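All ligand and atom numbering here is 1-based and tracks the order in the structure. Index from 1, following the sequence. Everything quoted here is computed from the prediction, not taken from an experiment.
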Amino acid sequence: RRTPLTHPAHFHLPLLEVEHFRTIYNIFVAVLCIFVLRAVVVDFIDNECIVLDFEVLIFAFGRLHMALLAWLVMFLYTLLVPYKVLQIWARSLETLQLPTAVTVIAAAVLLIGHATVLGFYPVYTVISQPFGPASCFVIILEQLRFLMKIHSFLREIAPPILRARSNDGKMGLPPFSTYLYFLFCPTLIYRENYPRTPHVRWRYVIENFAKFLGCLFYGSLLFKCLSIPIFSNMNKQPLTLRRLVLSVFNATLPALYLVLLMFFCFFHCWLNAFAEMLRFADRGFYKDWWNATSFPTFFRTWNVVVHDWLYYYIYQDLLWVFKAKAQSVALLSTFIISGVVHEYAFTLCFGFFYPFTLPFSIVVVLEGMFYSTFTHGNKRPNSNILFWTYLLLGLALQFCLQSLEWYSQIHCPVQKSTFWMKVTTHFWSCYSSAITTPS
Ligand SMILES: CC(C)(COP(=O)(O)OP(=O)(O)OC[C@H]1O[C@@H](n2cnc3c(N)ncnc32)[C@H](O)[C@@H]1OP(=O)(O)O)[C@@H](O)C(=O)NCCC(=O)NCCS
């Protein structure tokens with residue numbers, strides 16, 4: 001049923017070559033021009049000079065050089081250690097007679113290495129230094145990417161080596177260059193060969209990187225014009241239920257705009273630029289999630305790269321463990337694991353614990369199971385509209401509550417930072433009682 005990784009239909013999604021999408025893209029660019037114009041005119045009125053300010057971007061990418069240093073450490077470990085350990089393990093299996101002992105030692109070395117360099121080190125780095133939130137995301141998302149890549153590599157390479165040992169076959173590892181290629185190419189599923197394009201279109205690469213940078217600037221303007229003025233002034237009036245509800249609904253458009261921008265910036269521009277540079281032909285990083293009529297379809301199509309990894313290495317493995325009897329348990333567990341990892345990333349990058357993705361995923365799965373049990377899989381009426389309504393409400397809620405929490409940390413700094421203080425939200429107590437003054 002599934003489209004294999006190498007199916008031609010998976011290769012190319014010419015999003016911007018479809019005229020209607022081109023128009024939507026043009027509308028986005030036109031809105032960017034309006035925002036730039038607004039910033040320029042307001043600057044001119046206020047200061048009688050034109051300064052395009054990059055304040056938000058500079059703050060978000062604070063200490064990027066240190067984040068890149070942390071990336072380098074994680075990359076060198078990922079590049080050298082797992083491959084070398086696997087190589088020594090495969091050679092020892094050929095020559096030594098104690099396969100279990102050798103396997104246990106190799107697993108222990110990898111476990112200690114992973115826990116230290118890909119576990120403790122990035123977390124400590126993010127907590128101990130005053131990074132901007134985007135720099136934190138660089139470290140944490142790269143940590144997760146490396147872990148997922150290593151897992152896929154070990155999962156795809158170790159079983160054939162063990163099979164070869166029992167059949168007296170050749171137990172060689174793929175060339176190091178194949179592993180190096182895998183670390184950079186935009187997929188989390190290891191294969192010895194991938195479909196390749198005949199040549200690199202450098203113009204396309206440059207265009208995509210330029211669009212990527214443009215999106216970052218655009219995102220910073222959106223924050224500056226649509227989000228910061230609202231949330232940074234929350235302390236001027238006491239927060240009532242009415243004000244909170246209005247803030248959530250008012251956050252719908254900025255949240256939608258930011259998510260579409262992030263989607264285009266990363267899934268389209270960044271991944272396509274890397275794929276093109278590496279002549280990686282499979283461009284199915286996302287499918288038409290905007291046409292989804294249900295959340296299961298959305299989760300299959302929004303982030304195909306992560307979905308494929310979750311499907312093969314978590315969902316299918318859990319089905320194997322539970323012998324395909326408890327499909328619902330496997331499904332729910334996959335969503336819970338994914339939700340926990342999302343919460344982990346948000347908590348470390350924003351500096352507070354505000355669980356949203358995890359409960360949202362659980363509710364979506366339970367609702368899906370409940371619905372299919374009681375309607376026997378019948379399609380919902382107008383389900384694409386319903387899907388968008390849920391999605392917009394979910395995005396607005398998350399965007400608004402996290403922004404409130406972020407600013408409440410600034411307006412009402414916690415005096416005694418205990419673990420309990422860190423994992424509880426305090427925007428309501430901060431804003432509802434008294435009018436506070438910014439510190
Ligand atoms: C769990 C997961 C891997 C399943 O993948 P999938 O492609 O939907 O797998 P299948 O198509 O084999 O579906 C398995 C069954 O689960 C059901 N299902 C899938 N998602 C569901 C959901 N959210 N709620 C209820 N049922 C769901 C399917 O309808 C199907 O049922 P069926 O066998 O009766 O037809 C996928 O939903 C997933 O990736 N979830 C995590 C999403 C996520 O966090 N992504 C990261 C985004 S950044």
With a cutoff of 4.0 Å, is Y311 in contact with ligand 1, counting heavy atoms of the residue only? yes

Polar proximity ligand 1 side, [X] side, N/O cut 3.5 Å exclusive:
| X | answer |
| --- | --- |
| R300 | yes |
| T334 | no |
| H307 | yes |
| Q327 | yes |

Assert yes or no for the condition that the ring centre distance of F28 to Y257 is strictly below 6.0 Å.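 That pair passes the under 6.0 Å test.
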
Go through the steps to decide whether C412 and C430 satisfy the test disulfide (SG to SG under 2.5 Å), and finish with yes or no. CA-CA 6 Å; C412 312; C430 171; 1.9 Å; yes

Partner residues of W428 under the side chain to side chain contact (heavy atoms under 4.5 Å, CB included) criterion, sequence neighbours left out: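 W428 satisfies side chain to side chain contact (heavy atoms under 4.5 Å, CB included) with L239, L244, S432 once adjacent residues are dropped.
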
Should the pair H342 and F346 be assigned to parallel (<30°), tilted (30 to 60°) or perpendicular (>60°) ring geometry? tilted

Mind checking whether F137 and F350 have parallel, tilted or perpendicular rings, split at 30° and 60°?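 It falls in the perpendicular class, over 60°.
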
Should you measure from each heavy atom of [X], which atoms of ligand 1 turn up under 4.0 Å away?
| X | result |
| --- | --- |
| F299 | 42 (C), 43 (C) |
| P296 | 19 (C), 20 (N), 21 (C), 22 (C), 23 (N), 24 (N), 27 (C) |
| N303 | 48 (S) |
| S338 | 43 (C), 44 (O) |

Best match, I337, V365, T301, I362: closest heavy atom to atom 24 (N) of ligand 1: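 Going through I337, V365, T301, I362 one by one, V365 has the nearest heavy atom to atom 24 (N) of ligand 1.
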
Name the option, out of L310, V304, L331, that contains the heavy atom nearest to atom 4 (C) of ligand 1.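 When every heavy atom of L310, V304, L331 is considered, L331 comes closest to atom 4 (C) of ligand 1.
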
Around atom CZ of F176, are there more than 12 heavy atoms of other residues, nucleotides or ligands at under 6.0 Å? yes

Side-chain donor/acceptor pairs under 3.5 Å, residues 64-75, sequence neighbours excluded:
from: W71; atom 1: NE1; to: E142; atom 2: OE1; distance (Å): 2.6

Are any side-chain N or O atoms of Y315 and backbone N or O atoms of T334, one a donor and one an acceptor, separated by less than 3.5 Å?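 Checked: no pair found.
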
